[in-house]
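What follows is a single structure, written as C-alpha coordinates, with notes after it.
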Amino acid sequence: MAHRKRTLCVKNQKRRFLQVPALQLHVSKTAMRASQKDFESALSQVKLLKDPGNEVKLKLYALYKQATEGPCNTPKPGVFDLINKAKWDAWNALGSLPKETARQNYVDLVSGLSSSSDSSSQVKPEADRKQRGYETLVVTSEDSITKIMMNRPAKKNAITTQMYNEIMLALKAASKDDSAITVLTGNGDYYSSGNDLSNFTDIPPEGIEEKAKSSAILLRDFVDCFIDFPKPLIAAVNGPAVGISVTILGLFDTVYASSRATFHTPFSHLGQSPEGCSSYTFPKIMGPAKAAEMLIFGKKLTAAEACAQGLVSEVFPDSTFQKEVWTRLKAYSKLPPNAMRISKQVIRNREKEKLHAINAEESRVLQERWLSDECTNAVMNFLTRKAKL
Ligand SMILES: CCCCCC/C=C/C(=O)SCCNC(=O)CCNC(=O)[C@H](O)C(C)(C)COP(=O)(O)OP(=O)(O)OC[C@H]1O[C@@H](n2cnc3c(N)ncnc32)[C@H](O)[C@@H]1OP(=O)(O)O
(Lines give C-alpha, C1' and ligand atoms only; values in the text may rest on other atoms or scores of the structure.)
Protein backbone atom coordinates (compact mmCIF):
# COMPACT_ATOMS: atom_id res chain seq x y z
CA MET A 1 0.00 0.00 0.00
CA ALA A 2 1.51 3.26 -1.07
CA HIS A 3 1.87 5.96 1.54
CA ARG A 4 0.05 9.00 0.31
CA LYS A 5 -0.67 12.39 1.67
CA ARG A 6 -4.08 12.53 3.25
CA THR A 7 -6.31 15.18 1.80
CA LEU A 8 -9.66 16.26 3.03
CA CYS A 9 -12.66 14.59 1.55
CA VAL A 10 -14.30 17.71 0.36
CA LYS A 11 -13.59 17.21 -3.29
CA ASN A 12 -17.07 17.94 -4.45
CA GLN A 13 -17.93 20.66 -2.06
CA LYS A 14 -16.90 23.81 -3.89
CA ARG A 15 -20.34 25.24 -4.31
CA ARG A 16 -21.37 24.54 -0.78
CA PHE A 17 -18.21 26.04 0.69
CA LEU A 18 -18.36 29.03 -1.54
CA GLN A 19 -21.93 29.66 -0.53
CA VAL A 20 -20.60 30.72 2.83
CA PRO A 21 -21.22 34.45 2.84
CA ALA A 22 -17.84 36.05 2.15
CA LEU A 23 -15.68 39.25 2.00
CA GLN A 24 -13.85 42.16 0.40
CA LEU A 25 -10.60 42.98 -1.16
CA HIS A 26 -9.83 46.56 -0.50
CA VAL A 27 -8.34 45.96 2.85
CA SER A 28 -5.36 47.90 3.99
CA LYS A 29 -2.73 45.42 5.06
CA THR A 30 -1.79 47.83 7.78
CA ALA A 31 -5.27 48.00 9.21
CA MET A 32 -5.42 46.40 12.62
CA ARG A 33 -8.96 45.18 12.22
CA ALA A 34 -11.21 44.37 9.29
CA SER A 35 -14.50 46.21 9.49
CA GLN A 36 -17.82 44.41 9.11
CA LYS A 37 -18.01 46.03 5.65
CA ASP A 38 -14.60 44.56 4.68
CA PHE A 39 -15.79 41.20 5.89
CA GLU A 40 -19.02 41.37 3.92
CA SER A 41 -17.16 42.42 0.78
CA ALA A 42 -14.79 39.50 1.16
CA LEU A 43 -17.80 37.23 1.51
CA SER A 44 -18.99 38.43 -1.88
CA GLN A 45 -15.52 38.34 -3.43
CA VAL A 46 -14.90 34.73 -2.45
CA LYS A 47 -17.75 33.58 -4.69
CA LEU A 48 -15.91 34.96 -7.72
CA LEU A 49 -12.64 33.19 -7.06
CA LYS A 50 -11.38 30.19 -8.99
CA ASP A 51 -11.52 26.96 -6.96
CA PRO A 52 -8.76 27.54 -4.35
CA GLY A 53 -8.54 23.84 -3.39
CA ASN A 54 -9.96 21.92 -0.48
CA GLU A 55 -7.45 22.98 2.15
CA VAL A 56 -8.05 26.67 1.52
CA LYS A 57 -11.81 26.12 1.41
CA LEU A 58 -11.62 24.48 4.82
CA LYS A 59 -9.60 27.42 6.18
CA LEU A 60 -12.16 29.84 4.81
CA TYR A 61 -14.96 27.82 6.34
CA ALA A 62 -13.29 27.64 9.74
CA LEU A 63 -12.47 31.36 9.81
CA TYR A 64 -15.99 32.25 8.76
CA LYS A 65 -17.52 30.14 11.53
CA GLN A 66 -15.08 31.54 14.09
CA ALA A 67 -15.72 35.11 12.96
CA THR A 68 -19.50 34.75 13.09
CA GLU A 69 -20.14 32.23 15.87
CA GLY A 70 -16.94 32.18 17.92
CA PRO A 71 -15.21 28.96 19.07
CA CYS A 72 -16.51 25.63 17.78
CA ASN A 73 -19.74 24.86 19.58
CA THR A 74 -21.23 21.82 17.83
CA PRO A 75 -20.82 18.11 18.61
CA LYS A 76 -18.03 16.30 16.76
CA PRO A 77 -19.49 14.46 13.70
CA GLY A 78 -19.15 10.67 13.48
CA VAL A 79 -16.05 9.10 12.02
CA PHE A 80 -17.82 8.12 8.77
CA ASP A 81 -19.18 11.60 8.20
CA LEU A 82 -15.89 12.58 6.57
CA ILE A 83 -16.78 15.95 5.13
CA ASN A 84 -18.48 17.36 8.19
CA LYS A 85 -15.72 15.96 10.38
CA ALA A 86 -13.06 17.72 8.26
CA LYS A 87 -15.01 20.98 8.60
CA TRP A 88 -15.49 20.50 12.30
CA ASP A 89 -11.77 19.72 12.78
CA ALA A 90 -10.78 22.88 10.90
CA TRP A 91 -13.09 25.07 12.99
CA ASN A 92 -12.19 23.37 16.26
CA ALA A 93 -8.47 23.85 15.49
CA LEU A 94 -8.96 27.63 15.79
CA GLY A 95 -9.53 27.19 19.53
CA SER A 96 -10.38 30.45 21.24
CA LEU A 97 -9.16 32.76 18.46
CA PRO A 98 -11.10 36.04 18.95
CA LYS A 99 -13.88 36.78 16.46
CA GLU A 100 -12.18 40.01 15.30
CA THR A 101 -8.91 38.21 14.54
CA ALA A 102 -10.76 35.49 12.63
CA ARG A 103 -12.55 38.19 10.64
CA GLN A 104 -9.25 39.91 9.83
CA ASN A 105 -7.62 36.61 8.86
CA TYR A 106 -10.54 35.81 6.58
CA VAL A 107 -10.25 39.20 4.85
CA ASP A 108 -6.48 38.78 4.42
CA LEU A 109 -6.83 35.26 3.08
CA VAL A 110 -9.40 36.29 0.46
CA SER A 111 -7.31 39.33 -0.45
CA GLY A 112 -4.28 37.10 -1.07
CA LEU A 113 -6.31 34.63 -3.11
CA SER A 114 -7.82 37.40 -5.22
CA SER A 115 -4.49 38.94 -6.15
CA SER A 116 -2.93 35.60 -7.07
CA SER A 117 -5.94 34.69 -9.19
CA ASP A 118 -5.83 38.14 -10.89
CA SER A 119 -2.20 37.66 -11.88
CA SER A 120 -2.84 34.17 -13.28
CA SER A 121 -5.87 35.11 -15.31
CA GLN A 122 -4.02 36.03 -18.52
CA VAL A 123 -6.15 35.20 -21.54
CA LYS A 124 -4.80 32.15 -23.31
CA PRO A 125 -5.27 31.82 -27.10
CA GLU A 126 -7.17 28.52 -26.83
CA ALA A 127 -9.63 30.16 -24.46
CA ASP A 128 -11.21 31.79 -27.50
CA ARG A 129 -12.88 28.60 -28.65
CA LYS A 130 -13.49 27.22 -25.19
CA GLN A 131 -17.10 27.02 -24.09
CA ARG A 132 -17.76 28.74 -20.79
CA GLY A 133 -19.74 27.47 -17.85
CA TYR A 134 -17.93 24.20 -17.12
CA GLU A 135 -15.75 23.75 -14.06
CA THR A 136 -14.75 20.11 -14.40
CA LEU A 137 -14.53 19.95 -18.18
CA VAL A 138 -12.92 21.79 -21.05
CA VAL A 139 -15.38 21.81 -23.95
CA THR A 140 -14.26 23.09 -27.35
CA SER A 141 -15.82 23.13 -30.81
CA GLU A 142 -13.59 23.32 -33.85
CA ASP A 143 -13.39 21.70 -37.32
CA SER A 144 -16.94 20.31 -36.89
CA ILE A 145 -15.77 18.39 -33.81
CA THR A 146 -17.00 19.03 -30.27
CA LYS A 147 -14.37 17.85 -27.80
CA ILE A 148 -15.39 17.20 -24.19
CA MET A 149 -12.28 16.84 -22.05
CA MET A 150 -12.52 15.71 -18.43
CA ASN A 151 -10.35 18.15 -16.57
CA ARG A 152 -9.39 17.02 -13.06
CA PRO A 153 -5.92 15.70 -13.91
CA ALA A 154 -4.65 15.88 -10.31
CA LYS A 155 -7.46 13.49 -9.32
CA LYS A 156 -6.97 11.27 -12.36
CA ASN A 157 -10.21 12.72 -13.78
CA ALA A 158 -12.31 10.98 -11.12
CA ILE A 159 -15.95 11.80 -11.88
CA THR A 160 -17.62 13.91 -9.20
CA THR A 161 -21.37 14.55 -9.05
CA GLN A 162 -20.66 17.91 -10.64
CA MET A 163 -18.72 16.26 -13.46
CA TYR A 164 -21.54 13.76 -14.15
CA ASN A 165 -23.92 16.70 -14.44
CA GLU A 166 -21.55 18.73 -16.61
CA ILE A 167 -20.92 15.80 -18.98
CA MET A 168 -24.69 15.40 -19.39
CA LEU A 169 -25.03 19.12 -20.13
CA ALA A 170 -22.15 19.05 -22.61
CA LEU A 171 -23.60 16.01 -24.41
CA LYS A 172 -27.02 17.62 -24.62
CA ALA A 173 -25.46 20.80 -26.04
CA ALA A 174 -23.30 18.80 -28.48
CA SER A 175 -26.31 16.85 -29.71
CA LYS A 176 -27.82 20.16 -30.87
CA ASP A 177 -24.73 22.08 -32.05
CA ASP A 178 -23.48 22.12 -35.64
CA SER A 179 -20.60 19.73 -35.07
CA ALA A 180 -20.57 16.45 -36.99
CA ILE A 181 -18.94 14.29 -34.33
CA THR A 182 -18.32 14.44 -30.57
CA VAL A 183 -15.25 13.22 -28.71
CA LEU A 184 -14.78 12.43 -25.01
CA THR A 185 -11.23 12.42 -23.66
CA GLY A 186 -9.23 13.14 -20.49
CA ASN A 187 -6.64 15.74 -19.53
CA GLY A 188 -3.36 14.52 -18.02
CA ASP A 189 -2.01 11.01 -17.62
CA TYR A 190 -5.36 9.29 -17.00
CA TYR A 191 -8.47 9.02 -19.14
CA SER A 192 -10.50 8.65 -15.93
CA SER A 193 -10.30 6.76 -12.64
CA GLY A 194 -14.07 6.35 -12.69
CA ASN A 195 -16.52 7.38 -10.04
CA ASP A 196 -15.02 9.79 -7.49
CA LEU A 197 -15.29 7.66 -4.38
CA SER A 198 -15.79 10.70 -2.18
CA ASN A 199 -19.21 11.10 -3.87
CA PHE A 200 -20.34 8.52 -1.33
CA THR A 201 -19.40 10.67 1.66
CA ASP A 202 -21.76 13.53 0.89
CA ILE A 203 -24.68 12.09 2.88
CA PRO A 204 -27.82 14.29 3.00
CA PRO A 205 -29.74 14.81 6.25
CA GLU A 206 -32.35 12.28 5.03
CA GLY A 207 -29.72 9.56 5.34
CA ILE A 208 -27.72 7.05 3.37
CA GLU A 209 -30.74 5.37 1.71
CA GLU A 210 -31.67 8.71 0.16
CA LYS A 211 -28.08 9.13 -1.04
CA ALA A 212 -28.16 5.69 -2.69
CA LYS A 213 -31.49 6.55 -4.32
CA SER A 214 -30.34 9.91 -5.72
CA SER A 215 -27.05 8.35 -6.93
CA ALA A 216 -28.98 5.64 -8.78
CA ILE A 217 -31.10 8.31 -10.47
CA LEU A 218 -27.98 10.27 -11.42
CA LEU A 219 -26.32 7.13 -12.77
CA ARG A 220 -29.38 6.20 -14.80
CA ASP A 221 -29.72 9.70 -16.28
CA PHE A 222 -26.00 9.81 -17.06
CA VAL A 223 -25.96 6.50 -18.93
CA ASP A 224 -29.24 7.37 -20.71
CA CYS A 225 -27.46 10.36 -22.28
CA PHE A 226 -24.92 8.01 -23.88
CA ILE A 227 -27.62 5.59 -25.06
CA ASP A 228 -29.57 8.43 -26.70
CA PHE A 229 -26.69 10.48 -28.08
CA PRO A 230 -27.66 11.02 -31.74
CA LYS A 231 -24.32 11.71 -33.45
CA PRO A 232 -21.14 9.65 -33.80
CA LEU A 233 -19.51 9.54 -30.36
CA ILE A 234 -15.81 8.76 -30.11
CA ALA A 235 -13.69 8.07 -27.02
CA ALA A 236 -10.03 9.11 -27.21
CA VAL A 237 -8.70 7.06 -24.30
CA ASN A 238 -5.46 8.89 -23.55
CA GLY A 239 -4.43 6.78 -20.54
CA PRO A 240 -5.73 4.31 -17.94
CA ALA A 241 -9.49 4.02 -17.58
CA VAL A 242 -11.32 2.64 -14.54
CA GLY A 243 -14.90 1.74 -13.58
CA ILE A 244 -17.70 3.65 -15.25
CA SER A 245 -15.31 5.32 -17.69
CA VAL A 246 -14.66 1.82 -19.08
CA THR A 247 -18.19 0.41 -18.99
CA ILE A 248 -19.75 3.24 -21.00
CA LEU A 249 -17.23 2.62 -23.79
CA GLY A 250 -19.62 -0.10 -24.96
CA LEU A 251 -22.05 2.71 -25.84
CA PHE A 252 -19.56 4.68 -27.98
CA ASP A 253 -19.35 4.28 -31.73
CA THR A 254 -15.56 4.24 -31.89
CA VAL A 255 -12.88 3.90 -29.20
CA TYR A 256 -9.28 4.94 -29.87
CA ALA A 257 -6.71 4.11 -27.20
CA SER A 258 -3.17 5.14 -26.42
CA SER A 259 -0.78 2.21 -26.01
CA ARG A 260 -0.49 3.37 -22.37
CA ALA A 261 -4.21 2.93 -21.69
CA THR A 262 -5.53 0.13 -19.50
CA PHE A 263 -9.13 -0.92 -18.90
CA HIS A 264 -10.13 -1.91 -15.38
CA THR A 265 -13.56 -2.63 -13.86
CA PRO A 266 -12.86 -3.67 -10.25
CA PHE A 267 -16.53 -3.85 -9.21
CA SER A 268 -16.26 -6.91 -6.95
CA HIS A 269 -13.23 -5.37 -5.19
CA LEU A 270 -15.44 -2.37 -4.44
CA GLY A 271 -18.47 -4.41 -3.37
CA GLN A 272 -20.30 -3.08 -6.42
CA SER A 273 -21.75 -4.44 -9.66
CA PRO A 274 -21.52 -3.51 -13.36
CA GLU A 275 -23.17 -0.42 -14.82
CA GLY A 276 -23.12 1.58 -18.06
CA CYS A 277 -25.03 -1.30 -19.76
CA SER A 278 -21.79 -3.32 -19.61
CA SER A 279 -23.66 -6.38 -18.29
CA TYR A 280 -25.14 -6.51 -21.79
CA THR A 281 -22.63 -4.77 -24.08
CA PHE A 282 -19.45 -6.49 -22.80
CA PRO A 283 -20.64 -10.10 -23.28
CA LYS A 284 -21.94 -9.04 -26.70
CA ILE A 285 -18.65 -7.37 -27.66
CA MET A 286 -16.12 -9.86 -26.27
CA GLY A 287 -18.12 -12.99 -25.45
CA PRO A 288 -19.41 -14.03 -22.00
CA ALA A 289 -16.20 -15.64 -20.74
CA LYS A 290 -13.96 -12.64 -21.39
CA ALA A 291 -16.65 -10.27 -20.11
CA ALA A 292 -16.98 -12.24 -16.86
CA GLU A 293 -13.24 -12.00 -16.23
CA MET A 294 -13.46 -8.22 -16.46
CA LEU A 295 -16.80 -7.58 -14.79
CA ILE A 296 -16.77 -10.24 -12.06
CA PHE A 297 -13.07 -10.76 -11.37
CA GLY A 298 -11.81 -7.29 -12.24
CA LYS A 299 -9.20 -8.42 -14.79
CA LYS A 300 -7.37 -5.36 -16.08
CA LEU A 301 -6.84 -5.30 -19.87
CA THR A 302 -4.00 -3.66 -21.72
CA ALA A 303 -4.88 -1.51 -24.73
CA ALA A 304 -3.77 -4.30 -27.07
CA GLU A 305 -5.95 -6.85 -25.22
CA ALA A 306 -8.95 -4.51 -25.24
CA CYS A 307 -8.48 -4.06 -28.99
CA ALA A 308 -8.18 -7.80 -29.59
CA GLN A 309 -11.44 -8.27 -27.67
CA GLY A 310 -13.32 -5.63 -29.65
CA LEU A 311 -13.78 -3.01 -26.92
CA VAL A 312 -11.22 -0.72 -28.61
CA SER A 313 -11.28 0.10 -32.32
CA GLU A 314 -7.58 0.92 -32.70
CA VAL A 315 -4.49 1.47 -30.54
CA PHE A 316 -1.94 4.20 -31.33
CA PRO A 317 1.57 4.53 -29.87
CA ASP A 318 1.40 6.88 -26.92
CA SER A 319 4.02 9.20 -28.47
CA THR A 320 1.86 9.85 -31.56
CA PHE A 321 -1.59 9.24 -30.06
CA GLN A 322 -2.87 12.83 -30.12
CA LYS A 323 -1.55 13.61 -33.58
CA GLU A 324 -2.82 10.43 -35.22
CA VAL A 325 -6.21 10.46 -33.52
CA TRP A 326 -6.98 14.08 -34.33
CA THR A 327 -5.83 13.72 -37.93
CA ARG A 328 -8.18 10.78 -38.29
CA LEU A 329 -11.06 12.57 -36.59
CA LYS A 330 -10.66 15.72 -38.66
CA ALA A 331 -11.00 13.60 -41.80
CA TYR A 332 -14.11 11.84 -40.45
CA SER A 333 -15.69 15.14 -39.42
CA LYS A 334 -15.78 16.19 -43.09
CA LEU A 335 -18.09 13.31 -44.02
CA PRO A 336 -21.74 14.27 -44.63
CA PRO A 337 -23.14 14.79 -41.10
CA ASN A 338 -26.70 13.71 -41.84
CA ALA A 339 -25.57 10.43 -43.34
CA MET A 340 -23.43 9.74 -40.24
CA ARG A 341 -26.33 10.54 -37.90
CA ILE A 342 -28.75 8.36 -39.79
CA SER A 343 -26.29 5.46 -39.95
CA LYS A 344 -25.80 5.71 -36.20
CA GLN A 345 -29.55 5.74 -35.62
CA VAL A 346 -30.05 2.66 -37.78
CA ILE A 347 -27.44 0.84 -35.72
CA ARG A 348 -28.61 2.10 -32.31
CA ASN A 349 -32.39 2.27 -32.63
CA ARG A 350 -32.78 -1.48 -32.80
CA GLU A 351 -31.37 -1.76 -29.28
CA LYS A 352 -32.34 1.47 -27.60
CA GLU A 353 -35.30 0.17 -25.65
CA LYS A 354 -33.32 -2.80 -24.42
CA LEU A 355 -30.39 -0.63 -23.37
CA HIS A 356 -32.67 1.66 -21.35
CA ALA A 357 -34.18 -1.32 -19.56
CA ILE A 358 -30.73 -2.73 -18.79
CA ASN A 359 -29.56 0.65 -17.50
CA ALA A 360 -32.58 0.87 -15.20
CA GLU A 361 -31.96 -2.61 -13.83
CA GLU A 362 -28.20 -2.11 -13.30
CA SER A 363 -28.91 1.17 -11.48
CA ARG A 364 -31.51 -0.52 -9.26
CA VAL A 365 -29.08 -3.31 -8.31
CA LEU A 366 -26.30 -0.81 -7.60
CA GLN A 367 -28.59 1.23 -5.36
CA GLU A 368 -28.78 -1.83 -3.09
CA ARG A 369 -25.06 -2.60 -3.40
CA TRP A 370 -24.12 0.89 -2.22
CA LEU A 371 -25.84 0.14 1.10
CA SER A 372 -23.89 -3.10 1.63
CA ASP A 373 -21.04 -3.51 4.13
CA GLU A 374 -18.83 -4.78 1.32
CA CYS A 375 -19.20 -1.50 -0.55
CA THR A 376 -18.98 0.77 2.51
CA ASN A 377 -15.77 -0.94 3.69
CA ALA A 378 -14.13 -0.77 0.25
CA VAL A 379 -14.89 2.94 -0.14
CA MET A 380 -13.73 3.71 3.41
CA ASN A 381 -10.49 1.79 2.79
CA PHE A 382 -9.75 3.92 -0.23
CA LEU A 383 -10.71 7.22 1.39
CA THR A 384 -8.71 6.52 4.53
CA ARG A 385 -5.79 5.50 2.33
CA LYS A 386 -5.75 1.89 3.44
CA ALA A 387 -6.20 0.59 -0.10
CA LYS A 388 -6.30 1.49 -3.72
CA LEU A 389 -6.61 -0.60 -6.85
C1 LIG B 1 -23.49 8.81 -9.04
C2 LIG B 1 -22.66 7.66 -8.78
C3 LIG B 1 -22.53 6.77 -9.95
C4 LIG B 1 -21.57 5.70 -9.63
C5 LIG B 1 -21.43 4.75 -10.74
C6 LIG B 1 -20.63 3.56 -10.38
C7 LIG B 1 -19.23 3.75 -10.73
C8 LIG B 1 -18.33 2.88 -10.40
C9 LIG B 1 -16.91 3.10 -10.66
O10 LIG B 1 -16.45 3.94 -11.39
S11 LIG B 1 -15.92 2.04 -9.77
C12 LIG B 1 -14.29 2.69 -9.94
C13 LIG B 1 -13.98 3.69 -8.89
N14 LIG B 1 -12.60 4.06 -8.98
C15 LIG B 1 -11.64 3.55 -8.22
O16 LIG B 1 -11.86 2.69 -7.39
C17 LIG B 1 -10.26 4.11 -8.42
C18 LIG B 1 -9.68 4.60 -7.12
N19 LIG B 1 -8.36 5.15 -7.35
C20 LIG B 1 -7.22 4.42 -7.29
O21 LIG B 1 -7.23 3.24 -7.02
C22 LIG B 1 -5.94 5.15 -7.59
O23 LIG B 1 -6.13 6.51 -7.30
C24 LIG B 1 -5.48 5.00 -9.07
C25 LIG B 1 -5.04 3.55 -9.30
C26 LIG B 1 -6.60 5.36 -10.03
C27 LIG B 1 -4.29 5.92 -9.35
O28 LIG B 1 -3.24 5.63 -8.43
P29 LIG B 1 -1.95 6.59 -8.38
O30 LIG B 1 -1.36 6.72 -9.73
O31 LIG B 1 -1.09 6.08 -7.28
O32 LIG B 1 -2.54 8.04 -8.02
P33 LIG B 1 -3.22 8.50 -6.66
O34 LIG B 1 -3.95 7.35 -6.04
O35 LIG B 1 -2.21 9.18 -5.83
O36 LIG B 1 -4.32 9.52 -7.20
C37 LIG B 1 -4.08 10.92 -7.31
C38 LIG B 1 -5.18 11.66 -6.58
O39 LIG B 1 -6.43 11.34 -7.21
C40 LIG B 1 -7.36 10.83 -6.24
N41 LIG B 1 -8.20 9.84 -6.89
C42 LIG B 1 -7.89 9.02 -7.89
N43 LIG B 1 -8.93 8.29 -8.24
C44 LIG B 1 -9.96 8.64 -7.44
C45 LIG B 1 -11.31 8.22 -7.32
N46 LIG B 1 -11.83 7.30 -8.14
N47 LIG B 1 -12.07 8.78 -6.38
C48 LIG B 1 -11.57 9.76 -5.56
N49 LIG B 1 -10.29 10.20 -5.63
C50 LIG B 1 -9.49 9.64 -6.56
C51 LIG B 1 -6.47 10.19 -5.19
O52 LIG B 1 -7.15 10.07 -3.98
C53 LIG B 1 -5.33 11.19 -5.13
O54 LIG B 1 -5.80 12.29 -4.40
P55 LIG B 1 -4.82 13.05 -3.37
O56 LIG B 1 -3.69 13.57 -4.20
O57 LIG B 1 -4.40 12.02 -2.37
O58 LIG B 1 -5.70 14.09 -2.82
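Counting starts at 1 for both ligands and their atoms, in listed order. Along the sequence shown, the residues carry numbers beginning at 1.
Without hydrogens or angle criteria, Ser372 side chain to Cys375 main chain gives a donor-acceptor distance under 3.5 Å.
The Tyr190 neighbourhood of ligand 1 comprises atoms 24 (C), 25 (C), 26 (C), 27 (C), with distances under 4.0 Å to a heavy atom of that residue. Set against the non-hydrogen atoms of Ser193, the atoms of ligand 1 under 4.0 Å away are 13 (C), 14 (N), 15 (C), 17 (C), 26 (C), 42 (C), 43 (N), 44 (C), 45 (C), 46 (N). For ligand 1, the atoms lying closer than 4.0 Å to a non-hydrogen atom of Trp370 are 4 (C). The distance from ligand 1 to the heavy atoms of Tyr164 drops below 4.0 Å at these ligand atoms: 1 (C), 3 (C), 4 (C), 5 (C).
Using a 4.0 Å cutoff on heavy atoms, Phe200 does not count as a contact of ligand 1.
Residue Ala154 touches ligand 1 through its backbone alone, judged by heavy-atom distances below 4.0 Å.
Residue pairs satisfying the ring-ring contact (aromatic ring centres under 6.0 Å, His included) criterion with at least one member in residues 304-340, sequence neighbours excluded, are listed as follows: Tyr256-Phe316. Sorted pairs that involve residues 259-315 and meet ring-ring contact (aromatic ring centres under 6.0 Å, His included), not counting sequence neighbours, are lacking altogether.
Counting non-hydrogen atoms of other residues, nucleotides and ligands closer than 6.0 Å to NZ of Lys344 gives a total above 12. More than 12 heavy atoms of other residues, nucleotides or ligands lie within 6.0 Å of CZ in Arg260, so this atom counts as buried by the packing criterion.
Distances between N or O atoms of Phe382 and those of ligand 1 include no value under 3.5 Å. At under 3.5 Å, a nitrogen or oxygen of Ile244, whether backbone or side chain, sits near a nitrogen or oxygen of ligand 1.
Using a 4.5 Å heavy-atom threshold, the side chains of Ile145 and Ile234 count as separate.
Between Tyr164 and Phe222, the angle of the ring planes goes over 60°, which puts this pair in the perpendicular group of the 30/60° scheme.
Among Asp189, Leu218, Asn165, the residue whose heavy atom lies closest to atom 1 (C) of ligand 1 is Leu218. The nearest non-hydrogen atom to atom 54 (O) of ligand 1, considering only Gln272, Arg220, Lys155, comes from Lys155.
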